[in-house]
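Below, chain A is the first sequence line, B the second, and so on; all start at residue 1. All values below come from the heavy atoms of this structure, side chains included, with hydrogens, waters and symmetry mates left out. The structure presented is a predicted model; accordingly, all values stated were derived computationally and were not measured.
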Amino acid sequence: MADKYELVIEMAKRRGFLWNSFELYGGTAGFFDYGPLGAMLKRRVENIWRDIFVINEGFYEIEVPTIGIEDIFIASGHVSGFSDPLTECQKCNEAFRADHLVQDVVTNPDIMSADELTEVIKKNNIKCPECGGKLGTVYEFNLMFNTSIGPGSKRKGYLRPETAQGMFVDFPRLLKFYRDHLPFGATQIGKAYRNEISPRQGVIRLREFTQAEAEIFIDPRDKTHPKFTEVAGIELNLFSHEAQEKGESQKMSIGNAVANGIIAHQFLGYCLARTYQFLIRVGVSSGKLRFRQHMKDEMAHYAADCWDAEIHSDRFGWVEIVGIADRTDYDLKSHSKQSGTELSVYVPYDTPKKIQRFAVKPDMGVLGPKWKGKAGKIAAALKALKAEELSGDHIELTIDGEKITIEKEAVTFETITEDVHGENIIPHVIEPSFGIDRITYSILEHSFFEEEAEVEDGEDDKKRLVLRLPPEVAPVQAAVLPLLTREELIGPANDIIKKLRAAGILVAFDDSGTIGRRYRRNDEIGTPYSITVDYRTLEDGTVTIRDRNSMKQVRTGMNDIANNIYDLIYRGKPFDKAGTIVK
RNA sequence: GCACCGAUGGUCUAGCGGCUAUGACUUUAGCCUUCCAAGCUAAUAACUCGGGUUCAAAUCCCGAUCGGUGCACCA
């Protein structure tokens, strides 16, 4: 009956990967603690993400407050759009979306306030669709956690529901940092918060979770990627619109998918490829990974194309762990409007363009003294006029409802030809957005194996629990085990520990119980390598290294043990090159 | 948020109105042990919380919390 989720979570709790938060006080749904091993695992996943997106792609990381002011979320649409108007039946207590109930009677319920919706329901005598009962007052349930900034409640604040807005808000600073050149990107790894109505599914649906997001600002006219050829050959499991209608995903190279128009453009394809490489590197199994394209009706209206990386989970089926979207210029435009600041990039042309422009020049020397305070408005109105409107003897204007007549001497106009060297464009945004908690859980589930161990005569079936984590993400990277609990073996073991720690390797010492038990303990938490000190160590200074996956051993010198282990973990050194095979 | 089901050491579990609350595994200390968990000895450790019924509640009732399942929600 126990499914894999149960097995994995049980192990994770017992060994210190994941704990329910606030357990001491009974716990609260939607919150999880990372224990000592879980926190380390998660940190290593984040660091690999940094290696790929920050170091190799050059998208510097920023860090902004997790609390945002109201303006940000008005611009992003979260204040209005991240809430649902609910109404409850007074009789059967069922809750309904008020906007859905009135959509037949009014044209655009989306933009109506709760009060307006209440009014509409009352006027049209709309009843509970379940039992026909009376419906209560409409209220907004917003999924953002809110708070107030400073004493009193004047300044509203919200815990951010995504890290993305931080990068958009800092756009002008980022643009300067990158010296006014497109494309550029910024990333952020941090907490985000959503006050889910009823979170279930353990660590899959959290109220506080960690996102790793990149916002990459590109020229909307050029969505190619200079390094596209590097990834064009990578084959992905694609679940496109068409594939979803057929119900079957297809293997296809990124190059082909872009060429055939399945993926909208190179830049998006490139992000899919790097996402794939990241997920495989941290330990998601490729056979349980697919990229699903959003259907047209599921995509945000502003998005050009959107793909989710999904992993297959034993209990939950296909689960979204990454979203990769072309958000076009939606976010920058919204913040531009809300803040009243232009958010654009000046892009020079290769060769300057000749542009013919009609220019109106009000003579402020005449207008100023005559019209005083109104002169500014008059000048602005004049500039908006066309040639034929300016050519009469008098020009009639209406300023603040007052008719004003301007003599033609007060204004000159001409059509001028000038060189234009470039233009301001609003970049498009490509957004790969990663749910780090879901990825961390996926790794645990995909790495978790229950194996039949060899059984000697007269023994029952034996199970070996092993977490086949990639060495690079394993929280404990090496265990040092004296074969027997004896002083003379513990000495060299401590020397080895010192060397490994100096090389930045997280190492555990364990001398409790039989050697077999200790191997199993380490298998269960995914420790990739165990170093055993035996009596031969005292004779010739060699130790054995045991490989967690194969349970094979090599014997090697303890002098360069740190380099040896480091190469095994980080440089992909094959295990049989680490020493001479034992047996 | 609604409905149904569940909750006992770290983990799994016995209990069915009255016990000093089973047992196993784990863990810890010691013994033994020269390479793949469960040899020996000992120790630590639990009735989710709050009310109620009763002489007496882990056990019955009510509520809360958490977990599971279905519905709703998931920008």
Look at the side chain of A:Arg464 and the base of B:C36, then say whether one donor and one acceptor between them are separated by less than 3.5 Å. no
B:U33 OP1/OP2 closer than 4.0 Å to side-chain N/O of A:Arg486: yes
Are A:Tyr193 and A:Tyr158 an aromatic pair, judged by ring center distance below 6.0 Å? no
B:U28 and B:A38, which share atom name P, separated by this distance in whole Å: 15 Å
Picking from B:U69, B:A37, B:C35, which would you name as closest to the side chain of A:Arg315? B:U69
Side chain of A:Thr485 only, please: which of B:U33, B:C36, B:U69 is the nearest? B:U33
Output the single nucleotide from B:C73, B:U27, B:G67 whose closest atom is nearest the side chain of A:Asn20. B:G67
Which part of the nucleic acid does A:Ser512 contact within heavy-atom distance under 4.0 Å: base, sugar-phosphate only, or nothing? sugar-phosphate
Could you tell me how far apart A:Glu10 (CD) and B:U26 (C1') are, to the nearest whole angstrom? 10 Å
Measuring only the C1' atom in each nucleotide, how far is B:U48 from B:C55? A whole number of Å is fine. 27 Å
Considering only atom P, compute the distance from B:A58 to B:G9 and round it to an integer number of Å. 15 Å
What do the steps show when you test A:Arg438 against A:Val322 for side chain to side chain contact (heavy atoms under 4.5 Å, CB included), and what is the final call? CA-CA 9 Å; A:Arg438 288 182 175 189; A:Val322 184; over 6 Å; no
With A:Arg290 as the cation and A:Trp318 as the aromatic partner, state whether NZ or CZ is under 6.0 Å from the six-membered ring centre and within 45° of the axis. yes
Measure the distance from CD on A:Glu6 to C1' on B:G6 and round it to the nearest whole Å. 12 Å
Answer yes or no: side-chain N or O of A:Thr514 and base N or O of B:C36 forming a donor-acceptor pair under 3.5 Å. no
Using the closest heavy atom to pick a nucleotide of RNA chain B for each, name whichever of A:Lys552 or A:Lys13 lands nearer the 5' end. A:Lys13
Nearest listed nucleotide, side chain of A:Arg520, among B:A37, B:C66, B:C35: B:A37
Using the P atoms only, state how far B:G17 lies from B:G50, rounded to an integer number of Å. 24 Å
Counting the atoms with a prime plus P, OP1 and OP2 as sugar-phosphate, which does A:Arg518 contact under 4.0 Å by heavy atoms, base, sugar-phosphate, or nothing? nothing
Using only heavy-atom distances, decide whether a donor-acceptor pair under 3.5 angstrom links the side-chain of A:Tyr25 to the base of B:C49. no
Parallel under 30°, tilted from 30 to 60°, perpendicular over 60°: which one fits the rings of A:Phe31 and A:Phe145? tilted
Taking for each residue the nucleotide of RNA chain B with the nearest heavy atom, is it A:Phe209 or A:Gly30 whose nucleotide lies nearer the 5' end? A:Gly30
Please tell me which of the listed nucleotides, B:C66, B:G68, B:C35, lies nearest to the side chain of A:Ala29? B:C66
Donor-acceptor pair under 3.5 Å, A:Gln553 side chain vs B:C35 base: yes
Residue A:Arg14, side-chain atoms from C-beta onward, closest of B:C36, B:U11, B:U26: B:U11
If you measure from the C1' atom in B:C66 to the same atom in B:C19, how many Å do you get, rounded? 29 Å
When the distance from CD of A:Glu524 to C1' of B:U26 is rounded to whole Å, what number comes out? 10 Å
Roughly, in whole Å, what's the span from CD1 in A:Ile321 to C1' in B:C74? 18 Å
Nearest whole angstrom, please: distance from the C1' of B:U11 to the CZ of A:Arg521. 15 Å
Shortest non-hydrogen contact from A:Ile74 to A:Gln338? CG2-OE1, 3.4 Å
Of the listed nucleotides B:U34, B:U11, B:A37, the one nearest the side chain of A:Leu483: B:U34
Salt bridge or not for A:Glu6 and A:Arg315, using N-O below 4.0 Å? yes
What contact category does A:Arg15 fall into here, base, sugar-phosphate, or nothing, at under 4.0 angstrom with non-hydrogen atoms? nothing
Sugar-phosphate only, base, or nothing, as touched by A:Arg205 at under 4.0 Å among non-hydrogen atoms: base
What's the shortest heavy-atom distance between A:Asn564 and A:Lys573, and which atoms? OD1-NZ, 2.8 Å
